[in-house]
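Below, each value reflects all heavy atoms present in this structure, side chains not excepted, and no hydrogens, waters or symmetry copies. So that the names make sense, note that chain A is the first sequence line, chain B the second, and so on, each numbered from 1.
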Amino acid sequence: GESVGLHLPTLSVQEGDNSIINCAYSNSASDYFIWYKQESGKGPQFIIDIRSNMDKRQGQRVTVLLNKTVKHLSLQIAATQPGDSAVYFCAERATGNQFYFGTGTSLTVIP
Amino acid sequence: KAGVTQTPRYLIKTRGQQVTLSCSPISGHRSVSWYQQTPGQGLQFLFEYFSETQRNKGNFPGRFSGRQFSNSRSEMNVSTLELGDSALYLCASTADRVYGYTFGSGTRLTVV
């Protein structure tokens with residue numbers, strides 16, 4: 001089956017610093033990727049997505065980078081704020097439009 | 001526009017019992033997917049329904065079942081509950097089954 005993994009289960013950053021969350025995926029045929037943010041007691045929320053024909057996409061304070069050669073995805077958060085503290089998941093869309101999620105990285109922002 | 005609504009939010013059941021969880025998708029969304037979330041396994045895909053038909057199914061035992069109604073609302077049922085079924089069950093809907101899903105807040109099931 002598919003697998004999506006995260007390099008680090010936890011990440012702590014100082015407020016104002018940039019955060020980088022990494023994700024490895026296993027299926028080279030996956031054509032679409034999403035980053036989700038999940039706050040305590042809530043369901044995952046869409047942050048940003050990227051298609052496999054792109055290598056970079058920027059949103060508001062967030063950037064997703066895709067390296068298909070090594071099957072690696074990263075989420076960069078600029079000027080991290082306390083409200084960014086959450087668990088972040090990457091997801092890949094594999095065959096049959098089925099999404100597979102990683103176990104998540106817990107980001108803690110230190111004021 | 002209302003989001004994905006899951007009921008109930010919290011549930012405590014005893015081993016051997018059965019449980020039914022409900023999900024109302026965003027209006028106009030015809031695809032509903034269910035996921036089980038546990039600390040050790042992350043988000044595990046249970047099944048997807050589209051226009052009342054099960055389209056995909058994850059690797060869960062037959063005790064886990066679901067259905068979708070004509071108004072796109074979906075229910076999932078777990079029979080003969082086991083302690084290991086304790087988890088957050090998330091429902092997600094999408095309009096086109098192509099791009100990202102919108103998740104509900106989940107139902108926290110505790111089996112004692």
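One hydrophobic cluster, built from ILVMFWY side chains closer than 4.5 Å, holds both B:Leu83 and B:Val19. Hydrophobic clustering (ILVMFWY, side-chain heavy atoms < 4.5 Å, transitive): A:Ile47 and A:Met54 are in one cluster. In the hydrophobic cluster analysis, where Ile, Leu, Val, Met, Phe, Trp and Tyr join through side-chain heavy atoms closer than 4.5 angstrom, A:Leu65 is grouped apart from A:Ile50.
Residues B:Leu88 and A:Gln38 form a side-chain contact, since some pair of their non-hydrogen atoms from C-beta on lies under 4.5 Å apart. Considering only heavy atoms from C-beta on, A:Phe101 stays 4.5 Å or farther from B:Phe45 through its side chain. B:Tyr101 places a side-chain heavy atom less than 4.5 Å from the side chain of A:Phe99.
For a heavy-atom cut-off of 4.5 Å, chain A lies close to B:Phe103, B:Gly104, B:Ser105 in residues 103-112 of chain B.
Heavy-atom neighbours of B:Arg9 CZ from other residues, nucleotides or ligands within 6.0 Å: above the threshold of 12. Open room surrounds NZ on A:Lys56; 12 or fewer heavy atoms of other groups in view lie less than 6.0 Å from it. Heavy atoms from other residues, nucleotides or ligands lying under 6.0 Å from NZ of A:Lys42 number 12 at most. Sparse packing is recorded around CD of A:Gln60, with 12 or fewer heavy atoms of other residues, nucleotides or ligands lying under 6.0 Å away. Within 6.0 Å of the CD1 atom in A:Ile110, the count of heavy atoms belonging to other residues, nucleotides or ligands exceeds 12.
Only the side chain of B:Gln37 comes within contact range of chain A, judged by heavy atoms closer than 4.5 Å.
Per-residue heavy-atom pair counts under 4.5 Å with chain A were compared for B:Asn59, B:Leu43, B:Thr102, B:Val4, and the maximum is reached by B:Leu43.
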